Amino acid sequence: MPEDVLFCWSGGKDSAMALHALRAARDCRITALLTTITEEYDRISMHGVRRALLERQAESLGLPLHAVLIPPQCINATYEERMKEALTQHLARGVRRVAFGDIFLEDLRVYREKNLAQVGMQALFPIWKRDTRELAREFLRLGFRAIAVCVDPRVLDASFAGRELDASFFADLPPGVDPCGENGEFHTFVFDGPVFETPIQFRVGEKVMRDGFCFCDLLPE
């Protein structure tokens with residue numbers, strides 16, 4: 001029998017690639033998407049994507065969405081408390097594994113595994129240690145489409161915000177910037193690909209600087 005797995009979904013390309021890998025393996029059943037929402041903005045935390053677009057992703061993926069509300073500039077203690085509350089709800093339904101789209105950040109993996117162990121759950125990393133250049137090529141080859149919604153201007157020019165992740169996007173990334181943005185250089189919103197029933201419709205809105213990052217707003221259509 002396939003194992004039930006809760007998926008920690010960011011709305012971005014790495015989540016989409018990890019979800020695709022899990023579905024291709026056919027040895028698990030994704031029970032729900034778990035996403036943190038910054039309550040004051042009603043947007044995906046860190047990515048800045050509107051909740052309405054997240055909900056459309058979940059609908060197109062055919063999966064229920066569990067939104068975890070956290071405050072702006074959320075401290076770890078509050079984040080961990082609210083995540084623990086959410087995770088225990090799924091544990092009570094028999095779900096014991098949680099999947100993530102992380103690739104190579106060892107400290108983040110240890111942090112996730114430690115927090116899950118405290119509630120009796122285990123972490124699953126479907127694309128762990130994959131070469132990020134190859135992942136970027138595979139992302140395009142599989143027909144996924146995404147747009148950069150958040151850029152760290154300290155390492156990547158703000159003009160990358162609002163650009164689609166096509167071959168030219170990856171070719172234009174400067175040396176030292178990870179092709180998958182694994183070090184936080186950029187975050188994305190995936191709107192089409194083999195995991196979706198239908199593409200997510202949106203239009204590009206304004207760009208704003210907030211908390212030291214450049215965000216490109218996306219408006220549902």
Side-chain angles (χ1 to χ4, degrees), residues 2-36 44-49 53-54 56-66 97-106 108-109 111-113 116 122-152 156 160 163-173 177-200 202 218:
E3 181 181 18
D4 285 348
V5 174
L6 175 66
F7 198 99
C8 199
W9 175 261
S10 71
K13 58 175 179 35
D14 298 334
S15 280
M17 290 293 285
L19 179 60
H20 182 267
L22 281 179
R23 285 182 164 175
R26 298 180 180 276
D27 58 357
C28 68
R29 183 179 74 91
I30 309 302
T31 58
L33 304 175
L34 187 71
T35 306
T36 53
I44 300 175
S45 303
M46 285 303 298
H47 291 217
V49 173
L53 288 171
L54 168 65
R56 291 187 184 183
Q57 282 184 323
E59 182 180 0
S60 187
L61 290 168
L63 293 169
L65 174 66
H66 184 162
R97 301 192 81 180
V98 183
F100 300 88
D102 302 312
I103 305 172
F104 61 68
L105 297 179
E106 296 281 355
L108 184 56
R109 175 171 180 149
Y111 175 76
R112 297 199 194 283
E113 290 175 333
L116 287 175
Q122 294 180 321
L124 183 63
F125 300 92
I127 56 174
W128 184 251
K129 291 299 185 181
R130 290 282 307 274
D131 180 86
T132 51
R133 281 184 169 77
E134 172 55 31
L135 270 176
R137 288 192 289 267
E138 185 176 347
F139 181 82
L140 297 179
R141 187 167 60 248
L142 289 170
F144 279 106
R145 298 182 69 189
I147 185 169
V149 291
C150 176
V151 167
D152 184 348
L156 187 61
F160 278 85
R163 285 185 60 178
E164 183 172 343
L165 273 69
D166 53 15
S168 66
F169 177 95
F170 292 110
D172 290 345
L173 290 176
V177 171
D178 183 74
C180 288
E182 180 70 350
N183 296 305
E185 299 98 327
F186 61 94
H187 299 289
T188 60
F189 173 76
V190 61
F191 60 90
D192 197 8
V195 293
F196 294 105
E197 287 293 330
T198 57
I200 314 303
F202 67 91
L218 302 182

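Since the structure is predicted, the reported quantities are computational estimates derived from the model, not experimental observations. Values below: every heavy atom of this structure, side chains too, minus hydrogens, waters and symmetry copies.
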**Study point:** Shortest non-hydrogen contact from F170 toward P179
**Key:** CE2-O, 3.2 Å
Check your understanding: Do L105 and E182 touch side chain to side chain, with heavy atoms closer than 4.5 Å?
Key -> yes
Check your understanding: L140 and L165: which non-hydrogen atoms are nearest, and at how many Å?
Key -> CD2-O, 3.1 Å
Exercise for review: Write down the atom of A148, the atom of F169, and the distance for their closest heavy-atom approach.
Suggested key: CB-CE1, 4.1 Å
Practice item. Return yes if some donor-acceptor pair links the side-chain N/O of K13 with the main-chain N/O of C180 below 3.5 Å, else return no. Key: yes
**Study point:** Side chains of E185 and V151 in contact at under 4.5 Å (non-hydrogen atoms)
**Key:** no
Review point. Should the heavy atoms of other residues, nucleotides or ligands under 6.0 Å from CD of E59 be counted, would the total exceed 12?
Key: no
**Study point:** side chain to side chain contact (heavy atoms under 4.5 Å, CB included) involving A123 - partner list, sequence neighbours excluded
**Key:** F100, E113, L116, F125
Review point. For A21 and P126, which heavy atoms make the closest approach, and how far apart are they?
Key: CB-CB, 4.1 Å
Point to revise | Criterion side-chain contact (heavy atoms from CB on, under 4.5 Å) on F144 and D192, from CA distance to verdict | key: CA-CA 5 Å; F144 279 106; D192 197 8; over 6 Å; no
Check your understanding: How long is the gap from OG1 on T132 to CG on D14, to the nearest 0.5 Å?
Key -> 9.0 Å
**Study point:** Neighbour count above 12 (heavy atom, 6.0 Å) for E106 CD
**Key:** yes
Check your understanding: Which residues pass the side chain to side chain contact (heavy atoms under 4.5 Å, CB included) test with S45, sequence neighbours left out?
Key -> T36, T38, I70
Exercise for review: Applying side chain to side chain contact (heavy atoms under 4.5 Å, CB included), name anything that partners R23, two or more places apart in sequence or on another chain.
Suggested key: L19, L61, L63, V195
Practice item. Hey, could you give me each pair passing side-chain hydrogen bond (donor to acceptor under 3.5 Å, both in side chains) that has a residue in residues 136-145? Not counting sequence neighbours. Key: R130-E138, E134-R137, E134-R141, R145-E164
Review point. So, do C150 and H47 sit near enough that their side-chain heavy atoms are less than 4.5 Å apart?
Key: no
**Study point:** Ring centre gap for F160 and F186 strictly below 6.0 Å
**Key:** no
Review point. About how many Å separate OG of S168 and CG of L173, when rounded to the nearest 0.5 Å?
Key: 10.0 Å
Exercise for review: Would you sort out whether M46 and S10 count as a side-chain contact (heavy atoms from CB on, under 4.5 Å), showing the intermediate values?
Suggested key: CA-CA 9 Å; M46 285 303 298; S10 71; over 6 Å; no
Review point. Are I200 and F189 close enough, and set up right, to give a side-chain contact (heavy atoms from CB on, under 4.5 Å), and what steps lead you there?
Key: CA-CA 10 Å; I200 314 303; F189 173 76; 3.9 Å; yes
Review point. In chain order, what residues pass the salt bridge (Lys or Arg N to Asp or Glu O under 4.0 Å) check against D178, with sequence neighbours excluded?
Key: none
Study note, to complete from the structure: Between A146 and V190 the two heavy atoms that sit nearest each other are CB-CA, 3.8 Å
Check your understanding: Under 3.5 Å, side chain of T188 to main-chain N/O of I147, donor-acceptor pair present?
Key -> no
Review point. Does the Q122 side chain pair with the main chain of V98, one donor and one acceptor, at a distance under 3.5 Å?
Key: no
Exercise for review: Mind checking the CG-CG spacing from L135 to L142? Nearest 0.5 Å is all I need.
Suggested key: 10.0 Å
**Study point:** Pairwise distance CG(L22) to CD(E3) - rounded to 0.5 angstrom
**Key:** 10.0 Å
Exercise for review: Determine, step by step, whether F196 and Q57 satisfy the side-chain contact (heavy atoms from CB on, under 4.5 Å) criterion, reporting the C-alpha distance in whole Å, the side-chain angles of both residues, the deciding distance to 0.1 Å, and the verdict.
Suggested key: CA-CA 8 Å; F196 294 105; Q57 282 184 323; 4.2 Å; yes
Point to revise | side-chain hydrogen bond (donor to acceptor under 3.5 Å, both in side chains) contacts touching residues 26-35 (sequence neighbours left out) | key: D4-R29
Practice item. Could you tell me the separation between the CG atom of L218 and the CG atom of L53, rounded to the nearest 0.5 Å? Key: 6.0 Å
Practice item. Could you tell me whether the side chain of V177 reaches within less than 4.5 Å of the side chain of N183, counting heavy atoms only? Key: no
**Study point:** CH2-CD1 distance between W9 and I44, expressed to the nearest 0.5 angstrom
**Key:** 9.0 Å
Review point. Under 3.5 Å, is there a donor-acceptor pair between the side chain of S60 and the main chain of T198?
Key: yes
